[in-house]
2 protein chains.
Amino acid sequence: MAKPRNRLDDASERAHAKVNKFASRQAELANAALTTLAELGYARTSLRDIADNTDFSHGVLRYYFNDKDDLIVQCIRQYKSVCVRRYDLAIETAGTQEDLLNAFLQKLTETLLNETKIHRLWYDLRSQALFDKVLWTDVKQIDSDLENMVWRIIERYARLGNSTPKLTPNAAYAAIDGLFQAALVRFVSGEEDADTELADELRKLMRVIV
Amino acid sequence: MAKPRNRLDDASERAHAKVNKFASRQAELANAALTTLAELGYARTSLRDIADNTDFSHGVLRYYFNDKDDLIVQCIRQYKSVCVRRYDLAIETAGTQEDLLNAFLQKLTETLLNETKIHRLWYDLRSQALFDKVLWTDVKQIDSDLENMVWRIIERYARLGNSTPKLTPNAAYAAIDGLFQAALVRFVSGEEDADTELADELRKLMRVIV
DNA sequence: TAAAAAACCTTACAACTGTAAAAAAATTTC
DNA sequence: GAAATTTTTTTACAGTTGTAAGGTTTTTTA
């Protein structure tokens, strides 16, 4: 039986809707900011640049975010939600070591080619966080999430091959991330086969670290 | 027998001295810029910030460098000259695999602790280069020099142990650099034992990649 | 539907940016 | 030691920055 609605319910529903609307507008703007930042980089992006990629004026950004850092932190969180569970399906469905590795490398090279600029931004922001304490907490959180993601893959890879990882989660992520970053650098600088090189290198690396 | 000096010799000597003086003043300023950049990061450093770390006014920077990018490129070259041959002596004198690894890790953890800010700047500039083509050539050159340096170590390490490297120079450098970068992040964020962790992780990594 | 509130836009501002030109000081030249 | 040149400082400038305040429009409220 439906609850009879009274004035209080109406008010709280409206309030709720308002919060949601505010949040979704925030997300919309953060998304536009993400695009702009990915294009220009942290150092070269102004609030006006970001606003130019929306239907709003740059003053509106001040309405939805306390300041520029606040906006960028929201951006980072937006990024996180996109990238952190990318490989989970591949991990679960893979039945053999080779399947798992193929699925992982497939996704990884795919995102290297298709989301190049976002990855470029990620490394930019991670560097910035070393100078700007405000960004630090969120960046660290994403890095940790990525590390966990990589470790889930490594653990499953090891289990499927009846072996054990030879590195700590820390080191395994750092090494794989290093290879990805280097491949990104190569790809941005015009090497078209950066993706297949990355896959080859990662195959060799996986072979020795588990 | 001393060559009799004539007017032409004098003139060319003076010209030479002048060039040297200009170059050494350039180097002096680039060095100050390096310090400031290391402190504040690329995005937050203005020409006035740099000049404040010298006895000169910010207009002088324009006299010695064409523009800001020119100054920063000189900075990067200054950095390169400092860092690229850091491990050569250790490589040459080491007689056993263990000696070599110890010497390498010793130097590496030392520079992690003592030159933290310069390393932080390096990763910052490498990220910037992905957005700014002007920085690209010099950054790429340093990256390549560092890769060669790491590869000399790996090759010698392998030879001393009668084994062969299991990764390409590319991948070996990327993995080791990844570990170093992660250790830098940990150290900057306050983990005091980041250096010993780095050493442990690198020992494990070296064991499996050659 | 009039009043109130929220959402959004325009404009303004003070600080800072890289660059440039002109003035001053120091050095070199003859 | 006067003139010319180089080096350095000062000052100026036009553009950009993040931020804020004051309106205007739109939506909600009663």
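The chains referred to below are lettered A, B, ... by the order of the sequence lines, with proteins before strands, and numbering in each begins at 1.
If you take CD of E28(B) and P of dT8(D), they are 9 Å apart, rounded to a whole angstrom. If you measure from atom CG of L29(B) to atom P of dT9(D), you get 10 Å, rounded to the nearest angstrom. Between the CD1 atom of I72(B) and the P atom of dT17(C) there is a distance of 13 Å, rounded to whole Å. Rounding to whole angstrom units, CG of residue L47(B) and P of dT17(D) are separated by 16 Å. Regarding D49(B), its CG atom lies at a distance of 15 Å from the C1' atom of dT17(D), rounded to whole Å.
Only H58(B), R62(B), D67(B), K68(B), listed by number, bring a heavy atom of residues 56-68 of chain B to less than 4.0 angstrom from any atom of DNA chain C.
Taking a pair to require two hydrogen-bonding distances under 3.5 Å in either a Watson-Crick or a G-U wobble arrangement, dA30(D) pairs with dT1(C).
Under 4.0 Å is where a charged nitrogen must lie from a carboxylate oxygen, and between R186(B) and E147(A) no such pair does.
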Just list the side-chain donor-acceptor pairs under 3.5 Å for residues 202-210 of chain A, sequence neighbours left out, or say none.
{"from": "R203(A)", "atom 1": "NH1", "to": "E98(A)", "atom 2": "OE2", "distance (Å)": "3.2"}
{"from": "R203(A)", "atom 1": "NH1", "to": "N102(A)", "atom 2": "OD1", "distance (Å)": "3.3"}
{"from": "R203(A)", "atom 1": "NH2", "to": "N102(A)", "atom 2": "OD1", "distance (Å)": "2.7"}

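In this view, E155(B) satisfies the salt bridge (Lys or Arg N to Asp or Glu O under 4.0 Å) rule with no residue, not counting sequence neighbours.
In this structure, R44(A) contributes its side chain and A43(B) its backbone to no donor-acceptor pair below 3.5 Å.
Phosphate contact (OP1/OP2 of dT16(D), side-chain N/O of S46(A), threshold under 4.0 Å): absent.
Taking the six-membered ring where the residue is Trp, Y79(B) and W122(B) present parallel rings, their angle staying beneath 30° rather than reaching 60°.
The shortest side-chain heavy-atom distance between V185(A) and W136(B) falls under the 4.5 Å cut-off.
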